[in-house]
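Some notes on the structure that comes next.
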Protein chains: 2
Amino acid sequence: MHPCDACKVRAIAACGPLSADERKRLTAIMKTVTFAPHRLIFMETAPAASLYNVTDGVVKIYKMMPDGRRQVTGFLFPGDFLGLIQNDSYAYSAEAVTETRLCQFPRVRLEMLLRELPKLEQRLLGMASHELAAAQDQMVLLGRKSARERVASFLLMLAKATERQGPQADLIAVPMTRSDIADYLGLTMETVSRSLTQLSSENLIRLLNEKHVHLIDRAGLHRISVGL
Amino acid sequence: MHPCDACKVRAIAACGPLSADERKRLTAIMKTVTFAPHRLIFMETAPAASLYNVTDGVVKIYKMMPDGRRQVTGFLFPGDFLGLIQNDSYAYSAEAVTETRLCQFPRVRLEMLLRELPKLEQRLLGMASHELAAAQDQMVLLGRKSARERVASFLLMLAKATERQGPQADLIAVPMTRSDIADYLGLTMETVSRSLTQLSSENLIRLLNEKHVHLIDRAGLHRISVGL
DNA sequence: CGGTCCTTTGACACAGGTCAAGTAATGTGG
DNA sequence: CCACATTACTTGACCTGTGTCAAAGGACCG
């Protein structure tokens with residue numbers, strides 16, 4: 001088995017249940033690419049040539065304001081798609097957080113295929129709806145939650161993403177920097193750090209090291225995250 | 001022509017270019033409903049029976065936190081669809097801002113129809129992508145913009161929505177309350193009011209009355225909205 | 001072992017929130 | 001059509017959570 005084959009299989013799996021023929025045709029148009037940490041995958045406003053599926057690693061997507069203010073609009077984990085476009089250009093930039101492996105679908109070929117495989121189109125619509133719902137939750141977070149509530153929400157989001165891959169685990173990896181987290185939560189690095197220390201001193205979490213957190217009291221974190 | 005027919009035609013138009021047969025089949029499953037200002041259209045977590053298209057008026061969609069904090073995630077204008085679901089329940093509440101007319105598509109019947117009309121599914125996917133891009137812009141606003149920048153962005157958004165219906169107009173109607181605007185921008189009513197007064201005193205806008213604003217310097221508003 | 005980068009912590013500042021009063025618009029019943 | 005109540009908006013004074021700036025650990029790396 002060619003080393004790429006395993007990730008192609010995973011990318012196909014992310015597309016939902018498909019027939020053997022559909023799988024074969026999708027496999028035919030896709031390619032595997034890898035990115036080292038901090039490598040740019042594509043940039044906002046660049047012509048959108050491909051859609052990607054994350055097969056390994058973590059990706060962050062973000063938008064920038066002209067003066068350099070940054071908003072991370074999402075972290076993507078294995079199984080997630082990226083490459084949302086707006087008039088033929090990418091709507092955001094994407095950067096590898098960890099060593100990352102992606103499956104690349106050339107846009108024009110994929111669109112041709114979609115015309116013939118309505119099932120796949122349905123699946124994409126389902127995923128878009130799901131992302132839209134997640135985007136609304138993020139708006140609540142950014143518009144109405146306190147720093148503490150945001151950080152608690154973030155940790156639970158990370159835990160859920162981790163558990164989508166493996167079994168339930170209270171020890172979670174935090175591969176992104178404090179700055180990335182801050183730009184995701186609409187805070188500063190310093191406030192993220194202070195909130196983590198605070199949650200730690202309240203025994204809701206334990207900071208094992210900068211990149212690993214032990215969730216001690218999930219119910220408590222959840223209560224905080226929804227504002228109770 | 002039955003009074004409802006005009007709005008049905010408009011709702012169909014919002015679905016994009018369709019064949020006569022497709023239009024006929026869509027028309028067959030839809031119904032027209034109207035709501036007075038401040039009437040609830042549907043509530044978050046209620047079983048999602050229908051998808052709606054706004055044909056007249058303005059609708060706001062919002063999510064609430066258990067303690068009553070509210071985030072308005074969008075204002076919808078004629079042509080917009082609402083009824084995003086998450087496991088068979090609505091993902092947000094929807095309320096009429098002005099006297100509103102909606103076209104209602106029963107979800108099960110619509111989904112059956114979608115199976116047969118892939119063109120319509122494509123169109124829905126296109127709209128979902130567009131909304132997703134808008135959601136990301138809103139995240140930048142909520143996470144990174146100052147009060148002044150948020151209010152300027154809001155006014156330009158309203159102007160664009162107004163012009164989607166009629167011709168370019170510097171005099172725009174603001175049908176929603178200051179509280180609604182605040183909950184949309186992640187601010188308080190007071191801060192929205194102060195920011196409007198400030199923009200007014202800088203001669204970027206003129207406040208004709210509480211519900212009408214004259215945009216005097218659009219280029220200036222745009223500069224402020226993107227942070228330059 | 002020294003340099004770089006990331007994170008934490010502290011002291012202080014300020015944008016925007018809170019609370020309260022006043023004013024304008026809107027509606028209602030006489 | 002006018003008192004009056006109600007609701008929405010504006011403005012002011014003050015407060016607080018988070019940002020800013022600065023310094024001091026820690027971790028990693030050649």
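Letters A, B, ... mirror the listed sequences (proteins, then strands); counts begin at 1. Quick caveat, the model's predicted, so the values are computed rather than measured.
Here C:dC6 presents its P atom at 16 Å from CG of A:N209, a figure rounded to the nearest Å. Rounded to whole Å, the distance from CE on B:M176 to C1' on D:dA8 is 15 Å. Regarding A:Q198, its CD atom lies at a distance of 14 Å from the P atom of C:dT8, rounded to whole Å. Between the CZ atom of B:R69 and the C1' atom of C:dG17 there is a distance of 13 Å, given to the nearest Å. Atom CG in A:L196 sits roughly 10 Å away from atom P in C:dT7 (whole-Å rounding). Summarising the geometry, the separation between CD1 on A:I181 and P on D:dT18 is reported as 17 Å, rounded to the nearest angstrom. Distance CG (A:L208) to P (D:dG26): 17 Å, rounded to an integer number of Å. Between the P atom of C:dT9 and the CE atom of A:M189 lies a distance of 13 Å, rounded to the nearest Å.
Comparing D:dT11, D:dC9, C:dT9 by their closest approach to the side chain of A:T197 singles out C:dT9. Proximity note for A:T188 (side chain, C-beta onward) versus C:dG17, D:dT11, D:dG19: the nearest is D:dG19. The side chain of B:R194 lies closest to D:dA13 when the candidates are D:dA13, D:dG19, C:dG16. For B:K211, whose side chain is taken as the heavy atoms from C-beta onward, the closest listed nucleotide among D:dA8, C:dG17, D:dT18 is D:dA8. Closest to the A:R178 side chain, of the nucleotides C:dT7, D:dT11, D:dC9, is C:dT7.
Of the charged side-chain nitrogens involved, at least one lies within less than 4.0 Å of a carboxylate oxygen, so that B:D180 and B:R70 count as a salt-bridged pair. For A:E202 and A:R223, the salt-bridge test fails: no basic side-chain N is under 4.0 Å from an acidic carboxylate O.
Mapping A:E210 and A:G186 onto DNA chain D by nearest heavy atom places A:G186 closer to the 5' end of the strand. A residue-by-residue look at A:V192 and A:R144 shows that A:V192 has its nearest nucleotide of DNA chain C further toward the 5' end.
The shortest distance between side-chain heavy atoms of B:N209 and B:L207 does not fall below 4.5 Å.
Contacts of B:L187 with the nucleic acid, taken as non-hydrogen atoms under 4.0 Å apart, involve only primed sugar atoms and P, OP1 or OP2.
Residues B:R144 and A:D183 come closest through the heavy atom pair NH2-OD1, 2.8 Å. In plain terms, the two heavy atoms of A:V226 and B:P66 that are nearest each other are O-CD, 3.2 Å.
Below the 3.5 angstrom threshold, one finds a donor paired with an acceptor across the side chain of B:E190 and the base of C:dC19. Side-chain to base pairing of B:R148 with C:dG16: no donor and acceptor N or O lie closer than 3.5 Å to each other.
Distances shown here put a side-chain N or O of B:T191 below 4.0 Å from the OP1 or OP2 atom of C:dG17.
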